[in-house]
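Comments concern the structure below.
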Amino acid sequence: MSRINWFYFAAPQRFYGLAGKLVPWCAAAAVALAAYGLWMGLLVAPTDFQQGESYRIIFIHVPASWMAMVLYLAMAFWAAVGLIFNARLAAMLAQAIAPTGALMAFLSLWTGALWGKPTWGTWWVWDARLTSTLILLFMYIGFMALRGAIEDERRADRASALVAIVGAVNVPIIYFSVKWWNTLHQGASVRPLKGSTMADVMLEAMLIMALAFWAYAFAVVLARVRTIILERERGAAWTQAVLPATREATA
């Protein structure tokens with residue numbers, strides 16, 4: 001019985017090809033899931049008896065908030081793998097995840113403000129969850145800024161990895177902030193061990209949108225890491241054959 005070589009795609013050259021095959025499928029899944037999820041959330045789900053129509057922002061806000069936290073943990077994980085094992089591809093994956101994670105954190109804050117105005121009467125409060133999510137956005141920006149400030153790629157990998165690992169402490173703070181402190185932010189509507197307080201159709205629409213955000217994140221991160229691989233491996237012989245084809249495809 002043959003054993004699976006899990007490290008086969010650890011080489012940037014092999015992962016480049018795998019990512020290229022996955023990107024179209026992930027992008028197509030993101031579009032299909034988002035279209036179905038938005039149709040359910042905006043047209044099928046009933047009006048909330050307390051918040052009216054304004055609650056529908058959750059179909060963007062909640063998935064974006066989840067992804068902002070998950071992507072940060074993924075970034076920190078790959079940054080740590082790159083730091084500990086001196087793995088180039090792991091560091092590239094961390095670098096590729098950061099912009100998408102920052103976008104998700106920004107969407108979380110922006111849609112939260114749109115939801116907060118009719119619900120709380122204000123765009124922003126220094127609520128524990130909002131403040132810790134703002135810190136998360138700053139951690140993403142700090143990670144990217146530090147990488148950009150260091151010319152040597154390997155030194156940039158190590159320095160930014162430390163920022164990512166330290167910042168991971170903020171993720172459980174975001175998640176548990178509504179339990180640890182007296183906060184305006186409502187508690188979780190979806191609890192893995194206790195079920196959901198939402199109507200089934202609302203929950204289904206929100207979970208479909210979460211899957212759409214997952215698929216989108218996979219698509220853009222894989223596409224971005226392909227670009228990073230070409231940039232950082234441009235001295236390798238195999239990239240010389242790939243680059244002309246890439247330029248022709250984008251011309």
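Note: hydrogens, waters and symmetry copies are ignored here, and every other heavy atom, side chains too, is used.
- Taking the ring axis of F9 as reference, the NZ or CZ atom of R14 does not stay both within 45° of it and closer than 6.0 Å to the ring centre.
- S108 places no side-chain N or O within donor-acceptor distance of the main-chain N or O of M104, the cut-off being under 3.5 Å.
- For the atom pair CG of L33 and OH of Y216, the computed distance is 15.0 Å after rounding to the nearest 0.5 Å.
- Interatomic distance, M40 CE to L38 CG, rounded to the nearest 0.5 Å: 11.5 Å.
- Looking at N170, its side chain never comes within 3.5 Å of a backbone N or O of I135 through a donor-acceptor pair.
- Between W126 and W124, the ring planes lie perpendicular to each other; the angle is over 60°, past the 30° to 60° tilted range.
- Remark: side-chain polar atoms of Y72 are paired, donor with acceptor, to backbone N or O of A164 under 3.5 angstrom.
- In terms of modelled atom types and a separation under 3.5 Å, the side chain of T131 and the main chain of A128 share no donor-acceptor contact.
- The aromatic rings of Y55 and F59 lie perpendicular to each other, with more than 60° between the two planes, well past the 30° mark.
- Between the R129 side chain and the Y175 main chain, a donor and an acceptor come within less than 3.5 Å of each other.
- Atom OG1 in T122 sits 6.0 Å away from atom NZ in K117 (nearest 0.5 Å).
- Rounding to the nearest 0.5 Å places CD1 of I208 at 13.5 Å from CZ of F213.
- Judged by distance alone, the side chain of R56 and the main-chain N or O of G41 form a donor-acceptor pair under 3.5 Å.
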